[in-house]
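For ligands, and for the atoms within them, numbers begin at 1 and follow the listed sequence. For the single chain, residues carry numbers from 1 onward in sequence order.
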Amino acid sequence: MSKKVIITAAITGAVHIPSMSEYLPITPEQIINEAVAANKAGASVVHLHARNKENGQPTGSPEIMKEIVEGVKSKCDVIIGITTGGAIGMTSEERLAAVPVCKAELASCNAGSVNFCFSPIADKIKDPKYDWEIPFVKNTYKVPFANTFQGMEDYIRIMSENGTKPEFEVYEVGMLSNISYFVKKGLLKGPVYIQFVLGVMGGLPATVDNLLFLYNTAKKVLGEDFIWSCAAAGKDQFDITTAAMILGGNVRVGLEDNLYISKGVLAKSNAEPVLKVKEIARLLDREAATPDEARKILFS
Ligand code: KMH
Ligand code: ZN
């Protein structure tokens, strides 16, 4: 088991809406500052999404993503992972546009199609700040998160042409076979990097059994040639990431996945969950990897 743990901070995402928390970073400046502070708190990787500067709506704009990436790079040496998840309903072209522009070290690569529903958010927001928010979340009840084989092949190829390593987001066990298909096809070199994402409505629930199921299946399907991390959406974030660290895995936390630091208490920054998970790691005798230590684990 590696003593070092790679902590990823997923800064803002494309699920939560501004009306849910005043602390959700929106503008490039806020996202940059949050990423830099999360790095200072112990994150060696930041996972970035872009949002419209005026109203916080998730956007695939390569210009905004570039502004964010360059801002973070100018202030610290954290490993940058950009999203290609976009938002439900965006085309592959929109989702991929920032990859050649940013040439980040990592980019998410969603490992198969899944329902990715967060429409129940609409029931909790009585007075939305922006007009786009409620239709945006309700739309996920109707539209699946499409990641076809052709799409995944395109994502893998474009990332490889731009020196970007895919971080495979796995929401369901069959997605491990999809990754294995591309390894066998010769499109991916090991070790592949996998992010197990539990607790999405439409994907595997966030339980320790499911984490073990994914981990054991990955070992069978990918023959040990993988590095893994785990994220959990919502209230199970800290339980599941703790279990992942006990199993020797790496972890992702941050406001993309969970807006709360404890029951009923909003996290005021991304640094808060990073510090919390770093403290749990310390109690488990694991130490947060620096960006350079994480680079060695991920890229060599
Ligand atoms: N926006 C989502 C539906 C990723 O960053 O690649 C999922 C997502 C994952 O964005
Ligand atoms: Zn994301």
Checklist entry - With sequence neighbours excluded, what pairs up with E63 under the side-chain contact (heavy atoms from CB on, under 4.5 Å) test? => result S61
Item to check | Angular separation of E256 OE2 and H47 NE2 about the Zn ion (ligand 2), given to 10° | outcome: 120°
Item to check | Residues R157 and E153 bridged, charged N to O under 4.0 Å | outcome: yes
Next on the checklist: Once rounded to the nearest 0.5 Å, what's the spacing between atom OG1 of T59 and atom NE2 of H49?
Outcome noted: 12.0 Å
Checklist entry - Got a sec, which residues hit side-chain contact (heavy atoms from CB on, under 4.5 Å) with V173, two or more places apart in sequence or on another chain? => result L176, F213, L214, T217
Item to check | Atom name, H49 (N, O or S, nearest to the Zn ion (ligand 2)) | outcome: NE2
Extract all N/O-N/O pairs under 3.5 Å that connect ligand 1 to the protein, and present each with both atom names and the distance rounded to 0.1 Å.
| from | atom 1 | to | atom 2 | distance (Å) |
| --- | --- | --- | --- | --- |
| ligand 1 | 1 (N) | G86 | O | 3.0 |
| ligand 1 | 5 (O) | H47 | NE2 | 3.1 |
| ligand 1 | 5 (O) | H49 | NE2 | 3.1 |
| ligand 1 | 5 (O) | T83 | OG1 | 2.7 |
| ligand 1 | 6 (O) | T83 | OG1 | 3.3 |
| ligand 1 | 6 (O) | G85 | N | 3.3 |
| ligand 1 | 6 (O) | S108 | OG | 2.6 |
| ligand 1 | 6 (O) | N110 | ND2 | 2.9 |

Next on the checklist: Among residues at least two apart in sequence or on other chains, which ones pass side-chain contact (heavy atoms from CB on, under 4.5 Å) with M90?
Outcome noted: A87, E94, R95
Checklist entry - Stepwise, does the side-chain contact (heavy atoms from CB on, under 4.5 Å) test hold for Y181 with M152? => result CA-CA 11 Å; Y181 169 79; M152 288 185 274; over 6 Å; no
Checklist entry - Linking I/L/V/M/F/W/Y whenever their side-chain heavy atoms sit closer than 4.5 Å, directly or via other members, would L298 and V72 fall into one cluster? => result no
